[in-house]
Amino acid sequence: ILGSGALALLQRLCVSNMDKPNGTIIYTQMCNDTGGIEADVTFIRLGKDRFYLITGSGFGVHDSDWITRHLPADGSVHIVDVTSGIAVLNIVGPASRDVLAAASESDVSNAALPFSTARDIIVGAAPVRAARIGYVGELGYELHIPTEFAAHVYDILWAAGQKSGIANVGYRAIDSPRMEKGYVYWSSDISPDYSPIEAGLGVRVHL
């Protein structure tokens, strides 16, 4: 999402404060006129007028449609769908930082990549946007990778994680830890029928 009106649009649509420093990850909800949650999303602020939107793999069309229907008529905001060009790998768990550090020549220490921030790093031969955020309530990273490098990054991480007992985990397996942590899932836990306050997400609401 980019353009001179991007921040103003997102400040209007989102319940969280979107005016954060570049590289900040912002978890937020977009609500309808009655306060119901239409989208549960994450943004990375890339620049003054550029935001990178992350949503669930099954909700991209829904969420982009919601934003598109609220775009200003003056053309000051544009949406560029990069879904097909980006693959995402999650690496989570107590040893995830050690494995990522072994796979990357970039600094991924807590000081360099604190929670709820993102930065561009190199893994093997691949440029990667590493987002220090996760959905299982543990230390973890979402790695956003140009699609053509995804298999390469996977192989590098797999090799680096052998000493730590790295394992593949299915998408549905994350349901147990995310529920223990109290992380919600749009369409089942939350929906347009519930407001952020009713859903226990009041801490995300910027009054």
Side-chain angles (χ1 to χ4, degrees), residues 1-90 106 113-123 126-135 141-150 153 183-187 190-192 194-196 199 201 204-207:
I1 299 175
L2 67 159
S4 59
L7 176 60
L9 172 69
L10 295 179
Q11 291 277 54
R12 181 166 57 88
L13 292 182
C14 300
V15 301
S16 300
N17 177 20
M18 302 299 293
D19 194 7
K20 302 282 189 177
N22 294 348
T24 300
I25 296 173
I26 308 160
Y27 167 62
T28 188
Q29 290 77 44
M30 296 185 181
C31 296
N32 56 36
D33 289 342
T34 61
I37 300 170
E38 292 287 346
D40 182 61
V41 295
T42 303
F43 286 92
I44 301 174
R45 190 171 191 181
L46 300 180
K48 178 183 177 182
D49 300 320
R50 294 175 62 228
F51 293 83
Y52 182 80
L53 168 62
I54 305 164
T55 188
S57 57
F59 306 134
V61 173
H62 172 276
D63 294 352
S64 63
D65 177 70
W66 178 255
I67 297 169
T68 299
R69 284 189 279 135
H70 292 85
L71 289 177
D74 62 5
S76 61
V77 184
H78 302 277
I79 297 177
V80 179
D81 189 344
V82 299
T83 304
S84 62
I86 304 290
V88 180
L89 294 174
N90 284 309
S106 306
L113 189 55
F115 179 72
S116 202
T117 65
R119 63 181 297 228
D120 292 337
I121 65 171
I122 300 295
V123 176
V128 173
R129 177 169 293 144
R132 171 87 183 278
I133 196 167
Y135 197 45
Y141 306 84
E142 288 186 2
L143 305 179
H144 296 251
I145 310 156
T147 303
E148 64 269 26
F149 287 104
V153 172
Y183 291 163
V184 297
Y185 185 76
W186 191 87
S187 76
I190 55 175
S191 74
Y194 300 95
S195 74
L201 295 169
R204 309 309 310 175
V205 178
H206 179 60
L207 299 176

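Every heavy atom of this structure was used, including side-chain atoms; hydrogens, water molecules and symmetry mates were not. As the structure is a computational prediction, the values presented were derived from the model and not from experiment.
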Check your understanding: Say you draw a straight line from CG of L2 to CZ of F51; how long is it, rounded to the nearest 0.5 Å?
Key -> 10.5 Å

Review point. Can you name the closest pair of heavy atoms from W66 and C31 and give their distance?
Key: CZ2-O, 3.7 Å

Practice item. For D63 and A39, work out which heavy atoms get closest and say how close. Key: OD1-CB, 3.5 Å

Exercise for review: For E142 and I133, indicate whether the former's side chain and the latter's backbone hold a donor-acceptor pair under 3.5 Å.
Suggested key: no

**Study point:** Test side chain to side chain contact (heavy atoms under 4.5 Å, CB included) applied to V128 and I145, step by step
**Key:** CA-CA 5 Å; V128 173; I145 310 156; 4.0 Å; yes

**Study point:** Exam field: side chain T42 to backbone Y27, donor-acceptor pair closer than 3.5 Å
**Key:** no

Study note, to complete from the structure: Smallest heavy-atom separation, P114 atom then T117 atom, equals O-OG1, 2.6 Å

Practice item. Without swapping roles, check the side chain of S106 against the backbone of I122 for a donor-acceptor pair under 3.5 Å. Key: yes

Review point. How long is the span from the NE2 atom in H70 to the CD atom in E38, to the nearest 0.5 Å?
Key: 8.0 Å

Exercise for review: I would like to know whether V82 and Y52 meet side chain to side chain contact (heavy atoms under 4.5 Å, CB included); could you show each step before the answer?
Suggested key: CA-CA 9 Å; V82 299; Y52 182 80; 4.2 Å; yes

Review point. Hey, what do you get for OG (S64) to CG (L53), rounding to the nearest 0.5 Å?
Key: 8.5 Å

Practice item. Compare every heavy atom of P72 with every heavy atom of V77, then report the nearest pair and how far apart it is. Key: CG2-CG, 3.7 Å

Point to revise | Close side-chain approach of I86 and R129, heavy atoms under 4.5 Å | key: no

Point to revise | Mutual orientation of the aromatic rings belonging to W186 and H62 [parallel < 30°, tilted 30-60°, perpendicular > 60°] | key: tilted

Practice item. Verify, without hydrogens or angle tests, whether T147 (side chain) and S84 (backbone) share a donor-acceptor contact under 3.5 angstrom. Key: yes

Check your understanding: Taking atom CZ of R50 as the centre, does the number of heavy atoms from other residues, nucleotides or ligands within less than 6.0 Å exceed 12?
Key -> no

Check your understanding: Under 3.5 Å, is there a donor-acceptor pair between the side chain of Y135 and the main chain of V184?
Key -> yes

Review point. To the nearest 0.5 Å, what is the distance between CD1 (I44) and NZ (K20)?
Key: 15.0 Å

Point to revise | Atom pair CD (Q11) and CE (M18), whose distance is rounded to the nearest 0.5 Å | key: 7.0 Å

Check your understanding: Are side-chain heavy atoms of H78 and L71 found at a separation under 4.5 Å?
Key -> no

Point to revise | S16 side-chain N/O to V205 backbone N/O, donor-acceptor pair under 3.5 Å | key: no

Review point. Nearest heavy-atom pair of R45 and L7: which atoms, and what distance?
Key: NH2-CD2, 3.9 Å

Point to revise | Heavy-atom pair with the smallest gap, counting every atom of A130 and L143 | key: CB-CD2, 3.8 Å

Exercise for review: Return yes if some donor-acceptor pair links the side-chain N/O of R132 with the main-chain N/O of L113 below 3.5 Å, else return no.
Suggested key: yes

Point to revise | Side-chain heavy-atom pair I37, V15 within 4.5 angstrom cut-off | key: no

**Study point:** Rounded distance [0.5 Å steps], NZ in K48 versus CG in N22
**Key:** 11.0 Å

Check your understanding: Do the side chains of T28 and R204 get nearer than 4.5 Å, heavy atoms only?
Key -> no

Review point. Counting heavy atoms not belonging to Y194, are there more than 12 under 6.0 Å from its OH?
Key: no

